[in-house]
Amino acid sequence: MSTLAESYLVGLIGDGVTPSLTPPMHEAEADAHGIRYLYRPIDLAAIGRPGSDVGTLLSSARELGFNAFNITHPCKQLVLMHLDSVSVDAERLGAVNTVLIRDGRFHGENTDFSGFAHALRTGLPGVALDRVVQLGAGGAGAAVAYALLASGVRHLTLIDLDAERTRERAAALAALFPDRAVVAASPDDIGHELAAADGLVHATPVGMHQHPGMPVDARLLSPRHWVADVVYRPVETELVRAAVALGCRVLDGGHMAVGQAVDAFRLITGVEPDAGRMRHHFLDLLAKGL
Ligand SMILES: NC(=O)c1ccc[n+]([C@@H]2O[C@H](COP(=O)([O-])OP(=O)(O)OC[C@H]3O[C@@H](n4cnc5c(N)ncnc54)[C@H](O)[C@@H]3O)[C@@H](O)[C@H]2O)c1
Ligand SMILES: O=C(O)[C@]1(O)C[C@@H](O)[C@@H](O)[C@H](O)C1
């Protein structure tokens with residue numbers, strides 16, 4: 001038998017999360033530390049529950065002895081109203097992807113932003129952060145943009161097909177970081193924006209197996225740009241391949257996927273994970289077609 005203090009029972013709540021690589025990443029890292037750790041996807045689509053049930057699911061899970069959760073689409077905002085406390089960054093960002101259950105209370109964190117910020121620091125050390133263009137202002141884009149500004153980016157241009165979403169996101173971020181410039185631009189302006197930028201961050205679905213292609217004309221990139229992608233299925237996207245071929249410094253989307261898991265594992269267990277080992281495991285899982 002194991003109790004709350006001797007083992008970890010963790011879940012991932014979200015729509016379509018059955019194939020997620022986050023549960024096996026956590027479990028393998030826990031195994032390596034000799035920690036008893038079970039991590040189950042709780043797929044809303046599979047159990048026929050709406051995202052608005054996230055509070056009910058958390059309450060049941062607390063009664064059943066769960067220690068923590070990762071939370072994903074469509075619940076990252078919906079979960080906020082069910083929490084007893086939230087980290088400063090998750091509150092400012094308005095999104096939670098990690099819930100810790102401690103002494104019967106729910107505490108929310110956001111490791112999407114911290115995972116990307118860590119990946120940027122360690123994967124692209126010393127890159128210029130004066131001007132960055134970010135393509136994609138949806139769910140992942142919100143966390144990444146927040147991480148860029150928290151990491152010191154001085155001028156951030158957001159570009160998305162959804163002009164209203166882009167304007168709203170830029171205004172919200174500008175209010176959070178009043179000493180920076182955060183502007184919305186149209187996809188037609190990308191050439192002009194990239195000409196003045198140090199780096200490009202890509203956070204749209206373009207380049208995924210289901211949406212193959214290049215999100216930006218490679219002729220607009222030059223070796224002085226650094227390029228970060230968030231797409232990780234495949235990890236070597238067309239954008240990543242093109243940027244490497246040009247001689248750009250590149251961060252693939254696997255770094256963010258592993259980064260959020262590294263930070264969540266540390267928060268849940270209090271044990272320092274081996275980030276390099278978790279990335280190796282993640283790449284192995286992808287290579288096996290999982
Ligand atoms: N690496 C990670 O940890 C991680 C985490 C979450 C999501 N992702 C990946 O990020 C990508 C985006 O996911 P999301 O949850 O933000 O999706 P989302 O639907 O919330 O947002 C995507 C945004 O991209 C915009 N868009 C789509 N095509 C575009 C184009 N050609 N040009 C400009 N804008 C365009 C859409 O209008 C939308 O606002 C997916 O590939 C997902 O797999 C990666
Ligand atoms: O790997 C996934 O499936 C995730 O859902 C991706 C992202 O949404 C993270 O915030 C979650 O912690 C895990």
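- We find the CZ-SG distance between Arg224 and Cys248 to be 9.5 Å, quoted to the nearest 0.5 Å.
- Side-chain atoms of Arg249 never come within 3.5 Å of backbone atoms of Trp226 as a donor-acceptor pair (strictly under, hydrogens ignored).
- Atom CG of Asp179 has more than 12 neighbouring heavy atoms from other residues, nucleotides or ligands inside a 6.0 Å radius.
- We find the CG-CD distance between Asp162 and Glu168 to be 8.0 Å, quoted to the nearest 0.5 Å.
- Looking only at distances, a side-chain donor or acceptor of Arg180 sits under 3.5 Å from a matching main-chain atom of Val153.
- In this structure, the side chain of His192 does not engage the main chain of Asp189 through any donor-acceptor pair within 3.5 Å.
- Residues Pro74 and Gly51 approach most closely at CG-CA, 3.9 Å, considering heavy atoms.
- In this structure, the side chain of Asn67 does not engage the main chain of Val10 through any donor-acceptor pair within 3.5 Å.
- Side-chain contact between Phe265 and Ile35: present, with at least one pair of heavy atoms (C-beta onward) separated by less than 4.5 Å.
- In this structure, the salt bridge (Lys or Arg N to Asp or Glu O under 4.0 Å) partners of Arg49, at least two apart in sequence or on a different chain, are Asp53.
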Apply side chain to side chain contact (heavy atoms under 4.5 Å, CB included) to Leu200 and Val216, showing your working. CA-CA 10 Å; Leu200 168 69; Val216 59; 3.8 Å; yes
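- Paired with Val227 under the rule side chain to side chain contact (heavy atoms under 4.5 Å, CB included), one option of Leu221, Val201, Leu124 passes, and it is Leu221.
- Taking CZ of Arg233 as the reference point, atom CE of Met208 lies at 8.0 Å (rounded to 0.5 Å).
- Aromatic pair Phe282/Tyr232: centroids less than 6.0 angstrom apart.
- For Glu29, the salt bridge (Lys or Arg N to Asp or Glu O under 4.0 Å) criterion is met by Arg277, not counting sequence neighbours.
- Nearest heavy-atom pair across Met256 and Ala140 is CE-O, 4.5 Å.
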Kindly determine whether Val231 and His202 satisfy side chain to side chain contact (heavy atoms under 4.5 Å, CB included), including the steps that lead there. CA-CA 8 Å; Val231 174; His202 172 246; 3.9 Å; yes
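- Here the side chain of Glu238 pairs a donor or acceptor atom with the backbone of Gly213 at under 3.5 angstrom.
- For the atom pair Leu220 CG and Glu193 CD, the distance stands at 11.5 Å (nearest 0.5 Å).
- Clustering ILVMFWY residues whenever any of their side-chain heavy atoms sit less than 4.5 angstrom apart, transitively, puts Val144 in the very cluster that holds Leu129.
- Side-chain contact between His33 and Asp31: absent, with no pair of heavy atoms (C-beta onward) separated by less than 4.5 Å.
- Leu161 is not connected to Ile159 by any chain of hydrophobic side-chain contacts under 4.5 Å among Ile, Leu, Val, Met, Phe, Trp and Tyr, and they are in different clusters.
- When all heavy atoms are compared, the tightest approach of Gly138 to Arg169 is O-NH2, 3.4 Å.
- Under a 3.5 Å cut-off, the side chain of Glu27 and the backbone N or O of Tyr39 do form a donor-acceptor pair.
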Under the criterion side chain to side chain contact (heavy atoms under 4.5 Å, CB included), I'd like the reasoning laid out for Leu148 against Leu120: C-alpha separation, chi angles, the key distance, then a yes or no. CA-CA 8 Å; Leu148 289 168; Leu120 188 66; 3.9 Å; yes
Does Leu57 form a side chain to side chain contact (heavy atoms under 4.5 Å, CB included) with Leu44? I'd like the steps, not just the answer. CA-CA 10 Å; Leu57 289 170; Leu44 296 174; 3.6 Å; yes
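- For the pair Leu156 and Gln134, the minimum side-chain heavy-atom distance is below 4.5 Å.
- Judged by distance alone, the side chain of Gln260 and the main-chain N or O of Ala257 form a donor-acceptor pair under 3.5 Å.
- Although no hydrogens or angles enter the test, the distance criterion places no donor-acceptor pair under 3.5 Å between the side chain of Asp229 and the main chain of Val240.
- His73 and Asp15 form no side-chain donor-acceptor contact under 3.5 Å, judged by distance and modelled atom types alone.
- Counted within 6.0 Å of NE2 on His211, heavy atoms from surrounding residues, nucleotides or ligands total more than 12; the atom is thus considered enclosed.
- Note: the hydrophobic cluster containing Val206 does not contain Val133 (ILVMFWY, side chain heavy atoms under 4.5 Å, direct or indirect links).
- Contact between Leu246 and Pro223 at its shortest, heavy atoms only, is O-CG, 3.3 Å.
- Tracing side-chain contacts under 4.5 Å through hydrophobic residues (I, L, V, M, F, W, Y), one reaches Leu9 starting from Leu64; they form part of the same cluster.
- Using a 4.5 Å heavy-atom cutoff, the side chains of Ile190 and Leu135 are in contact.
- The NE2 atom of His255 lies 14.0 Å from the CZ atom of Arg121; values are rounded to the nearest 0.5 Å.
- For the pair Arg219 and Asp217, the salt-bridge criterion is met [side-chain N within less than 4.0 Å of a carboxylate O].
- The closest donor-acceptor contact from the side chain of Asp198 to the backbone of Val132 lies at 3.5 Å or more, if one exists at all.
- Looking at heavy atoms from C-beta onward, Leu83 lies in side-chain contact with Val79 at the 4.5 angstrom threshold.
- Taking both residues in full, the closest heavy atoms of Arg102 and Ile268 are given as NH2-O, 3.6 Å, listed atom of the first, atom of the second, then distance.
- Note on Asp252 versus Arg279: salt bridge recorded, some NZ/NE/NH1/NH2 to OD/OE distance being below 4.0 Å.
- With respect to the salt-bridge test (charged N to carboxylate O, under 4.0 angstrom), the residues Glu272 and Arg266 qualify.
- Leu239 places a side-chain heavy atom less than 4.5 Å from the side chain of Pro215.
- Panel note: side chain His107, backbone Ile101; no donor-acceptor pair is recorded below 3.5 Å.
- Put simply, the side chain of Leu58 does not reach to within 4.5 Å of the side chain of Phe66, judged on heavy atoms.
- Counting non-hydrogen atoms of neighbouring residues, nucleotides and ligands closer than 6.0 angstrom, the CZ atom of Arg105 reaches no more than 12 such neighbours.
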Side-chain donor-acceptor contacts of residues 89-100 below 3.5 Å, not counting sequence neighbours, with atom names and distances?
{"from": "Asp89", "atom 1": "OD1", "to": "Tyr146", "atom 2": "OH", "distance (Å)": "2.6"}
{"from": "Arg92", "atom 1": "NE", "to": "Tyr146", "atom 2": "OH", "distance (Å)": "2.9"}
{"from": "Arg92", "atom 1": "NH2", "to": "Leu176", "atom 2": "O", "distance (Å)": "3.1"}
{"from": "Asn97", "atom 1": "OD1", "to": "Thr111", "atom 2": "N", "distance (Å)": "2.7"}
{"from": "Asn97", "atom 1": "OD1", "to": "Thr111", "atom 2": "OG1", "distance (Å)": "3.4"}
{"from": "Asn97", "atom 1": "ND2", "to": "Thr111", "atom 2": "OG1", "distance (Å)": "3.0"}
{"from": "Asn97", "atom 1": "ND2", "to": "Asp112", "atom 2": "OD1", "distance (Å)": "3.4"}
{"from": "Thr98", "atom 1": "OG1", "to": "Asn70", "atom 2": "ND2", "distance (Å)": "3.1"}

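- Within the 4.5 Å cutoff, side-chain heavy atoms of Ile47 are placed close to those of Ile42.
- His26 and Ala264 get closest at one heavy-atom pair: CE1-CB, 3.9 Å.
- Cluster annotation: Ile13 and Val86 are assigned to the same hydrophobic cluster (Ile/Leu/Val/Met/Phe/Trp/Tyr, side-chain heavy-atom contacts under 4.5 Å, transitive).
- With rounding to the nearest 0.5 angstrom, the NZ atom of Lys76 is 7.0 Å from the CG atom of Asn110.
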